[in-house]
Each structure stands twice: as C-alpha cells, then as structure tokens.
Amino acid sequence: MLKLAVRSVLAHRLRFLLCTVAVTLGIAFASGAMVFTDTLSTALKKNFAVSTADLTVTPVAPIDPGTDRPATFQSTLADTISAVPGVAVATPQLLVGGVQILTPDGKPVDANNGTGFGVSWPRDARTAPFKLITGAPPSGGRQLAMDEATVNRAGYHLGDQVRVVTPTESVTATLAAIITPAASGAAAGAPMVSFDGATAQRLLLGTTGWTSISIALEPGADADTVRTAVSTALGDSVKVRTAKQVTADGERELDSTFGGVSGVLVVFAGIALFVGAFLIVNTFSMVVAQRSRELAMLRAIGASRGQVTGTVLAESVTIGVAGSTLGLLIGIGVAVISQLVYESLDLPIPSASLQVTPATVIASYLLGVGITVAAAIPAARRAGKLPPIAAMRDDVTVPERSILVRVLIGAFMLLMALVMYAIGLNAGGLPGAILIVFGGTMVILSVVLLGPLISRYVVRALMAPFGRKAPVILGRRNAERNPRRTSATASALMISVSLISGLLVLAASVKASIDQSISDDLGNSEIVVESGGSLSFSPQVADRAAKVDGVRSVHQVRRLDGQVGTATVQVTGVSDGTLDGPITVKYDTGSAAVLAKGQALLPRNLAKTLDVTVGKSIELATATGKHKLTVGAILAPNRQLNGVVLSIPAYESVGGTATDRTLYVDVAEGKQVGQVRAGILDQVSKDYPSIQVRDQHAYAATARAPVNGVLAGIGFLLAMAILIALLGIVNTLALGVVERTREIGLLRAIGMDRPQLRRMLRVESIAITLLGTVLGLLLGVGIAASVQSAMVDNGLGVRDIPVLQLVIAAVVAGCFGVLAAVWPSRRAARLDVLRAIASE
C-alpha cells in the first residue's frame with residue numbers, strides 16, 4: 001500500500017503540489033527560527049563558559065534590578081569572606097551597564113545593539129575578569145583602561161583623551177591601559193572601560209558599593225565545601241555560586257530569552273501551518289471524491305477498509321515528509337542568510353557554527369507530517385467506508401457525515417465565547433483582555449464549524465451586486481453547491497484576515513491613545529528630554545538645560561522597577577512642581593500635596609489591581625529591600641505616570657538612584673520652542689550625544705515608532721498565512737476543474753465561450769475570497785474593539801478603526817482572489833470539448 005501511495009502522489013503531482021508548498025512554507029518558518037536562535041544562543045553561551053573566579057558572591061535583591069541599577073553591598077563583606085577557611089582571596093568588584101564610550105569625533109562606539117559596561121580595576125589578578133595587555137592600571141579620576149576591541153574600533157592609542165558617559169556624569173580621562181575583553185558574563189564581548197575602585201563607584205553608582213565579590217580558593221580546597229561555609233557566614237542576603245553554577249545560570253537565562261523569541265516565531269509558523277491545514281483538508285477531500293471509483297475498485301479486488309484508509313494516509317505522510325524536508329532545508333538557508341544580513345549591516349553577532357540540532361529536525365518533521373496526516377484523516381476515513389460494489393457504478397460518491405454534530409459543537413463554542421466576552425468586559429484590564437482574546441478565538445473556531453451552514457446564504461448576499469449574467473450565476477452556484485468545500489477554503493483566508501484586521505485596529509487605537517494621552521498629560525511642557533535606549537542619565541543634563549536662555553523651568557522624572565506582592569510595578573520619582581503643570585494630572589481622590597509627606601500616588605488601574613484605597617499601605621520591594629508606603633491619592637489613568645509615584649526624596653529612600661529618566665522643560669513666554677530646543681542640544685549634545693531633545697509632536701511620533709515596528713513585523717509574518725490561504729483557493733479551483741471536466745465540456749458544447757468560462761471561475765474565486773475577507777474583517781474588528789473596551793483604563797483609551805486601511809485590505813484580497821483564478825480558468829479554457837464530454 002505504501003508503494004501504491006507513493007505512485008499515486010507521483011502520478012498526480014499537480015494535485016498535491018500546493019499541499020507540499022503549504023507545509024514547506026510553515027516548516028521553513030519554524031525551522032529557520034529555531035536554527036537561527038540556537039546558533040545565536042550557542043555563540044552567546046561562550047560568554048559564560050569561562051569563569052575567572054572559583055566562587056562568586058552576589059547580593060540577593062527582592063527583584064531583578066537590571067544592569068543599569070544593580071544591587072550592591074559594602075566592602076566589609078569581603079573581609080568576612082577572607083576569614084573563611086579555604087579562601088585565598090576575596091576581591092570586591094563593580095560591573096554597571098549603561099556606559100557609553102565616545103569615539104574621537106564624539107560619536108558613541110557601536111555596542112552591537114547592546115550596552116557598554118563600566119568595571120572596577122581588580123585588586124587581585126587571580127579573580128580578574130580581564131587581563132592587562134599594555135600600559136599601567138588606571139589611577140585617580142582622570143585615567144581609565146579600555147578593552148582592545150573597542151580601542152581598535154574607535155581608533156584610540158595609549159595616552160589619548162577618551163570621553164565616557166556614565167550613568168552619573170560625562171567624564172574625559174586618559175587611556176592608561178589596554179585590556180582584554182571580559183572573559184565571561186554579561187560584559188563579554190561588549191565595549192568596556194575600567195576605573196580604579198573609588199572612581200568606578202563615584203562614576204558608575206554615585207555612591208559606595210560593589211556588585212559582586214570574586215573568590216579564589218586555596219590549593220586543594222573543595223569549591224562546594226567553601227561555598228557552604230561562605231553561605232553560612234553571610235546568611236540569606238547573598239547568593240554564593242561556583243564557577244559551574246555561574247555558567248549554568250547564564251546559559252539558563254539565555255535559553256529563556258531565546259526560547260521566548262523562538263516561541264513567538266514558532267507561533268506564527270503554527271498559524272501558517274494551521275491555515276495550510278485547511279488547504280490539505282480540502283485537497284484530500286476533493287481528491288478522494290474524484291478517486292472514489294478507483295478506491296472502491298481496491299476494495300473490490302480484496303483491499304480491506306483499513307488498507308484503503310492507510311493508502312490515503314500514506315499519501316499524506318509522503319507529502320508531509322517531502323514538505324518538511326524542503327521546509328527544513330529552506331529554513332536552514334534562511335538562518336544562514338539572516339546571519340549574513342546581520343554582518344552586512346555591520347551588526348555582527350557572536351560567531352558560531354550553524355546549529356542544526358536533532359530537536360529542530362525532529363520538531364520539523366513532527367509538525368509537518370503530524371499536521372498533514374491530521375488534516376487528511378477525515379478524507380481517509382471516508383475513503384475506507386466506500387463499499388466494493390461501488391466500483392460497478394458510474395455515479396459513485398464518497399459518503400459524507402451530517403453537519404449536525406459540527407453545528408452543535410460550533411453553537412456551543414459560540415455560546416461559551418459570549419460568556420467569556422461578558423466576563424472579560426466586566427473584569428477589564430489585562431485579565432479581561434486575555435479572556436476576550438480567548439473568547440474571540442473560540443468565535444473564529446465556531447464560525448469555521450458553522451461555515452457549511454452559513455456560507456451558502458452569505459455567498460448569495462455578497463454576490464448579489466454582481467448582477468445576474470450567466471457566468472455570474474454559474475460561478476456563484478458553483479461556490480454554493482458544496483458548502484463544506486467553500487467554507488473550508490474561505491476559513492483559511494478568514495483566519496488570516498481576522499488576525500491582520502484585528503492588529504490594524506489595535507495598532508491604530510494604540511497610536512491614537514498615545515497621541516491623546518500626550519496631548520492631555522503634557523500640560524505646559526513644550527520640550528521633552530530623554531536618553532536613547534530608555535537609559536538613565538546624569539543630573540548634569542538638567543543643570544545645563546536650566547541655564548539655557550528661554551527655559552523657565554526643568555522638571556525631573558526618575559524611574560525604577562519595583563514589586564508589590566506578585567505585581568511588578570514602575571516606581572516614578574518626580575521633582576517639586578512636576579504635577580502642577582508639566583504633567584497634567586486628574587485626581588480621583590487626594591492631591592499632590594501628599595508627596596511632601598512621603599506618601600505615594602497610585603493610578604486608578606494599579607490601585608484596583610492591588611485592591612488598595614487612600615490611607616491604606618503597600619509594601620514595595622526594590623533592589624534595596626522592602627519598603628512600606630502609605631497611599632495618599634488616586635490618579636486617573638495617566639500614560640506619563642503609570643505606576644507608583646513618589647517625590648524625589650521618597651524615591652531615593654526606596655532605592656532609586658540620583659539619575660534622571662525624563663526631563664520636562666517649560667519654555668518662557670515669548671520664546672520660540674525651536675530656538676530653546678536648539679540651545680539645549682548645543683549645551684548637552686557634545687558630552688551626552690545620545691540625549692534626545694524633542695517637542696511634543698516629535699515625542700509623540702517617537703512613542704508611536706515601536707507600534708509601527710511591531711505592526712510591520714507581524715504584518716510580514718502573517719502575509720505568509722494569507723499566501724497559503726490564497727494557494728488554497730487556487731488548489732480548490734484547480735481540483736474543481738478536474739472534478740467538473742465533463743460539466744465544463746457540456747457548457748462549452750451548448751455555447752459558452754472561453755472568456756465566459758474564465759469569468760465563471762473568476763466569479764467563483766471572488767465569492768470564496770469575499771466570504772473569507774468579510775467574515776475575517778467582521779471578526780477581527782469586533783475582537784479588537786472588545787479588547788480596547790477592556791483596556792480603557794490601561795493606556796488604550798481611544799478606539800480608532802482605520803476604515804481606509806481595512807477597505808484597502810479588502811480590495812487587495814479581492815484582487816488576489818481574481819489572480820487566484822487565472823491559472824485554473826486558463827487551464828479550464830484549454831480543455832478539449834469532446835474529450836471533456838467523454839470523460840467520466
């Protein structure tokens with residue numbers, strides 16, 4: 001039977017070609033994502049493969065503080081550790097991100113889309129994360145060391161003056177030493193400068209402290225035994241890890257990061273394969289119907305029901321294996337091309353050989369073959385039910401099950417979706433939006449199941465404006481005659497269009513909400529100052545901006561991450577007067593006066609999430625520990641203040657550093673905003689080249705930019721799903737021509753000419769396309785509008801339905817529907833009339 005299945009596929013290559021293409025596209029997407037992320041992850045794991053310390057001690061913070069706000073401890077812990085038996089030396093070290101190294105012409109050194117690091121000069125070479133190549137260790141506040149790769153890239157030499165921007169200030173220092181790149185950890189391969197210990201703390205932290213202590217053991221000492229002793233001596237406030245544990249933790253973090261990226265791409269590949277499954281279902285359904293007499297003949301000559309079913313499934317396995325193999329090869333090629341593109345854009349990724357793991361190969365074949373076989377099972381089961389006597393009849397047809405069961409399941413899913421929608425809309429916020437999305441998914445699936453019941457009537461309504469000429473009527477009735485086939489073909493397009501239309505509505509609503517919130521919230525601040533990459537910057541920027549002619553006042557905003565219970569929150573520190581004009585605030589309860597008392601302001605949505613009211617207390621966890629705060633006021637939702645709001649003194653008391661995240665600048669009356677903006681740039685751009693000084697319009701455009709980027713990426717990925725859906729229309733029409741060969745011959749014999757025949761097939765294609773497009777638009781827009789309703793208090797306060805874009809999408813889909821009919825209609829028009837009439 002396997003040999004028969006392979007021969008059948010080879011004998012009818014055209015029938016199965018588009019099925020193979022659909023599987024190939026989906027697997028290429030999935031395998032390419034897995035190969036590329038495995039390659040990059042393997043390369044980056046080299047950074048954790050070597051540890052220069054036998055043991056590493058790091059602070060235990062209540063939350064992850066991030067690289068630019070590290071948790072620290074004091075140097076007295078090193079003295080305590082040195083007294084532990086087996087410890088040869090314990091060296092405190094400092095590593096802080098968010099450092100920019102400027103080239104001689106004042107431009108930031110490329111950090112490969114990452115960040116530069118500042119480190120303290122090690123006290124002992126046995127635990128140093130780098131080695132001295134040439135020069136002498138830096139001493140005092142005007143000397144530094146730099147890694148060799150950055151020195152060569154920037155064109156520096158020993159003795160040159162180097163400008164470095166740290167989180168606390170911009171400083172010029174003499175290049176006193178050239179060092180190797182960091183041997184391991186987050187700084188491995190990144191631009192790096194080193195200062196002596198006291199200078200590093202002043203420039204990188206603005207206070208005393210160390211981020212880790214590196215321990216070298218005495219000869220013969222057991223690492224695990226000493227680790228246990230150090231942990232006992234220091235208690236639970238620190239984490240003590242061996243070199244193997246540091247490596248394993250770093251690799252685990254990378255696996256989590258790249259697993260998330262790969263997972264997102266695999267989800268889109270799954271969407272493509274899911275859409276392709278409709279094409280496979282239709283193809284096998286039509287092929288089995290066309291071969292019903294052939295399959296009945298197999299039963300007549302002795303094949304069992306299981307053997308006939310197995311033959312059809314073997315055909316699907318053949319297609320799945322072929323599609324998976326081609327997809328895997330194309331995916332590997334895409335990963336290679338992606339790596340070359342990164343290098344051509346001068347954004348080199350860490351070098352590593354291409355990683356095609358057994359897991360990627362197995363996953364590709366499981367996905368491709370599994371989905372193909374699953375899609376072919378219904379047709380295979382129907383083929384096995386053909387009785388042997390059917391081989392003696394000319395009008396044999398494959399029995400089809402009643403649609404009653406699928407209609408009942410579809411109706412139940414629709415009912416459940418409405419319940420989830422009601423609950424989600426009432427709950428609001430992110431949990432409500434998630435419920436609505438799940439409910440929307442169930443609505444889409446219910447429409448797929450109810451498709452055979454509703455497609456005939458929807459097609460008739462959609463095609464009414466096209467008139468009642470013979471090709472139009474025949475094309476419409478061709479689409480109506482087999483509602484299962486029509487709905488299955490249209491469902492693939494419906495799912496793709498619903499995703500795209502929903503994303504268009506959400507993206508437009510996000511942009512409109514950003515514009516509205518900026519217009520409402522940025523009161524009299526005409527200029528906004530931020531740093532590229534959303535990093536903190538020195539208070540020197542605010543001091544310099546305040547001295548520019550035409551600046552009335554400068555208001556500072558600082559931010560760090562915190563946690564209340566299990567909820568991650570943003571903690572915002574604001575200077576005096578910031579909420580009295582520069583940021584427009586509406587209060588549900590209380591006023592800004594409570595900030596002076598050290599109390600917190602909470603936006604309404606966060607207060608609802610935390611279930612607190614004015615006068616209640618919250619326990620805020622930051623990198624420095626847990627802090628109890630009293631809620632003094634509740635704010636209306638505000639994009640600029642979407643978290644716990646404190647005064648600057650209270651902010652610093654909970655662990656916030658003296659670095660700014662945003663400045664709001666008020667322009668004096670009678671002064672031109674453009675001139676003041678140019679003056680601020682002139683004052684800060686030389687020492688702080690990444691600082692961005694923008695008016696409100698430019699600030700809003702920048703805030704919208706990530707939405708545009710995400711939308712472009714998602715649109716590109718979903719274009720594959722639409723391509724597969726259109727291939728399904730081509731396949732349905734092409735197989736329909738084969739199925740209706742005799743009918744087409746009779747139409748030609750009674751007077752239909754070739755243009756009319758082509759027009760009839762185009763009408764059928766347009767009917768299927770319109771059915772999928774209209775249903776997709778209705779579902780996508782409806783689900784997106786519901787999500788927006790749930791997120792009104794969470795930054796999505798404006799609903800914007802981009803009618804023009806949606807109309808363009810519908811028109812484009814219709815045009816593709818016409819194009820999908822070109823090849824099948826030309827093939828039908830070339831049929832010989834007499835041979836077509838004589839066919840069975």
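Distance CG/Leu506 to CD/Gln788: 8.5 Å, rounded to 0.5 Å. From Asp660, atom CG reaches atom CD of Gln556 across 4.0 Å, with rounding to the nearest 0.5 Å. The OG1 atom of Thr168 sits 12.0 Å away from the CD atom of Gln201 when rounded to the nearest 0.5 Å. Separating the NZ atom in Lys608 from the OG1 atom in Thr613 is a distance of 14.5 Å, to the nearest 0.5 Å. Rounding to the nearest 0.5 angstrom, the gap separating the OG atom in Ser120 from the CG atom in Leu203 is 12.0 Å. The OG1 atom of Thr166 sits 11.5 Å away from atom CD1 of Ile101, with the distance rounded to the nearest 0.5 Å.
When the ring pair (Phe, Tyr, Trp, His ring centres under 6.0 Å) test is applied to Trp210, no partner is found at least two apart in sequence or on another chain. Applying the salt bridge (charged side-chain N to carboxylate O under 4.0 Å, His left out) criterion to Asp611, with sequence neighbours excluded, gives no partner residue. In this structure Ser170 satisfies the side chain to side chain donor-acceptor pair (under 3.5 Å) test together with Arg163, sequence neighbours excluded. Annotation: side chain to side chain donor-acceptor pair (under 3.5 Å) contacts of Ser212 (sequence neighbours excluded): none. When the side chain to side chain donor-acceptor pair (under 3.5 Å) test is applied to Arg604, the partners found at least two apart in sequence or on another chain are Asp588, Asp793. Every residue was checked against the side chain to side chain donor-acceptor pair (under 3.5 Å) condition with Glu619, not counting sequence neighbours, and none meets it.
Side-chain contact check for Asp687 versus Val165: every heavy-atom pair is 4.5 Å or farther apart. Within the 4.5 Å cutoff, side-chain heavy atoms of Thr662 are placed close to those of Val528. At least one side-chain heavy atom of Leu641 sits under 4.5 Å from a side-chain heavy atom of Val574. Side-chain contact between Val631 and Val594: absent, with no pair of heavy atoms (C-beta onward) separated by less than 4.5 Å. Thr659 is not listed as a side-chain neighbour of Phe537, based on a closest heavy-atom distance of 4.5 Å or more. With a 4.5 Å cut-off on side-chain heavy atoms, Ile583 and His555 do not count as touching. Contact annotation: the side chain of Pro167 never approaches that of Ser536 to less than 4.5 Å [non-hydrogen atoms, C-beta and beyond]. With a 4.5 Å cut-off on side-chain heavy atoms, Val505 and Leu503 do not count as touching.
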List the steps and the verdict of side-chain contact (heavy atoms from CB on, under 4.5 Å) for Leu435 and Leu425. CA-CA 8 Å; Leu435 276 175; Leu425 204 59; over 6 Å; no
Passes side-chain contact (heavy atoms from CB on, under 4.5 Å), Ser531 versus Gln692? Steps please. CA-CA 6 Å; Ser531 176; Gln692 299 170 346; over 6 Å; no
What do the steps show when you test Ser509 against Asp800 for side chain to side chain donor-acceptor pair (under 3.5 Å), and what is the final call? CA-CA 5 Å; Ser509 298; Asp800 185 9; over 6 Å; no
Show your reasoning for whether side-chain contact (heavy atoms from CB on, under 4.5 Å) applies to Ser194 and Phe130. CA-CA 10 Å; Ser194 179; Phe130 50 80; 3.8 Å; yes
Take Ile527 and Ile680 through the test side-chain contact (heavy atoms from CB on, under 4.5 Å) and record every step on the way to the result. CA-CA 10 Å; Ile527 297 175; Ile680 296 174; 4.3 Å; yes
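Of the possible polar contacts, one joining the His627 side chain to the Val654 backbone as a donor-acceptor pair under 3.5 Å is found. In this structure, the side chain of Ser513 engages the main chain of Val798 through a donor-acceptor pair within 3.5 Å. Side-chain atoms of Arg677 come within 3.5 Å of backbone atoms of Val693 as a donor-acceptor pair (strictly under, hydrogens ignored). Without hydrogens or angle criteria, Ser685 side chain to Pro689 main chain gives no donor-acceptor distance under 3.5 Å.
Heavy atoms only, all atoms of each residue included: Ala790 and Gly424 are closest at CB-O, 4.3 Å. Considering every non-hydrogen atom in both Val109 and Ala154, the closest pair reads CG2-CB, 4.0 Å. For the pair Leu205 and Gly209, the tightest heavy-atom approach, listed with the atom from each and the gap, is CD1-O, 3.6 Å. When all heavy atoms of Gln599 and Gly632 are compared, the pair lying nearest together is OE1-CA, 3.3 Å. Here the closest heavy-atom approach between residue Ala200 and residue Phe195 is recorded as N-CB, 3.8 Å. The minimum heavy-atom distance linking Leu234 with Leu77 is given by the pair CD2-CG, 4.3 Å.
Within a 6.0 Å sphere centred on CG of Asp576, heavy atoms belonging to other residues, nucleotides or ligands number 12 at most. Few gaps surround CG on Asp105; more than 12 heavy atoms of other groups in view lie less than 6.0 Å from it.
For the residue pair Gln563/Thr568, the side-chain donor-acceptor check at 3.5 Å is not satisfied. Thr199 and Arg142 share no side-chain donor-acceptor pair at under 3.5 Å. Between Ser786 and Ser789, the side chains place no donor N or O within less than 3.5 Å of an acceptor N or O (distance only, hydrogens not considered). One side chain, Gln540 or Tyr688, offers a donor N or O that lies under 3.5 Å from an acceptor on the other.
Glu530 pairs in a salt bridge (charged side-chain N to carboxylate O under 4.0 Å, His left out) with only one of the listed residues (Arg694, Arg661, Arg559), which is Arg694.
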